[in-house]
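Report on the following structure.
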Amino acid sequence: MDGPEHSIHSQERLIGDLRQVIENAEELLKNTGQYTGAPYRHARAKLTLALQAATEELARFEETQITRMLEATCAANEACRDQGGEARLLRAFRQE
């Protein structure tokens, strides 16, 4: 059964894949500006809308990931009763 660790890696891979698609689409738009026919304009307009939606979704994914990381950090701090920054730092680098 897939646990939280697998889910986190899947989300990270999805975010990375989405970034790559966005970069490729931006490059495609940049390199096809010289084509001015109606079919090209229509395709570029559709790609621009899809790119905007993908960029917004990526921002939501990243915000969710950051929120989860902050919540996990706060929970770990509470569980370990870390009161100061030094204790947190030492715990983060402790090898067990």
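- The CD atom of Gln11 sits 4.5 Å away from the CZ atom of Arg68 when rounded to the nearest 0.5 Å.
- With values rounded to the nearest 0.5 angstrom, Tyr40 atom OH is found 9.5 Å from Gln34 atom CD.
- Defined by atom type and a distance below 3.5 Å, a donor-acceptor pair is missing between the side-chain atoms of Thr36 and Arg41.
- Taking CD of Gln20 as the reference point, atom CD1 of Ile22 lies at 10.0 Å (rounded to 0.5 Å).
- Shortest non-hydrogen contact noted between Leu28 and Leu47 is CD2-CD2, 3.6 Å.
- Taking all atoms of both residues into account, the shortest heavy-atom contact from Arg44 to Thr32 is NH1-OG1, 2.8 Å.
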Practice problem: Report the C-alpha separation of Leu49 and Gln52 in whole Å, then their side-chain angles, then the decisive distance to 0.1 Å, and conclude whether the side-chain contact (heavy atoms from CB on, under 4.5 Å) test is met. | Solution: CA-CA 5 Å; Leu49 289 175; Gln52 289 171 346; 3.7 Å; yes

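- Distance check: Ser10 OG to Asp17 CG gives 10.5 Å after rounding to the nearest 0.5 Å.
- Leu29 is not connected to Val21 by any chain of hydrophobic side-chain contacts under 4.5 Å among Ile, Leu, Val, Met, Phe, Trp and Tyr, and they are in different clusters.
- Leu58 and Met69 end up in different hydrophobic clusters when Ile, Leu, Val, Met, Phe, Trp and Tyr side chains are linked at under 4.5 Å.
- Taking every heavy atom of both residues into account, Leu51 and Ala25 meet most closely at CD1-CB, 3.9 Å.
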**Message:** Quick one, Glu57 with Glu62, criterion side-chain contact (heavy atoms from CB on, under 4.5 Å). Give me CA distance, side-chain angles, the key distance, then yes/no.
**Reply:** CA-CA 9 Å; Glu57 191 66 19; Glu62 290 176 327; over 6 Å; no

Test salt bridge (charged side-chain N to carboxylate O under 4.0 Å, His left out) on Glu63 and Arg60; report intermediate values, then the result. CA-CA 5 Å; Glu63 182 65 30; Arg60 280 192 291 277; over 6 Å; no

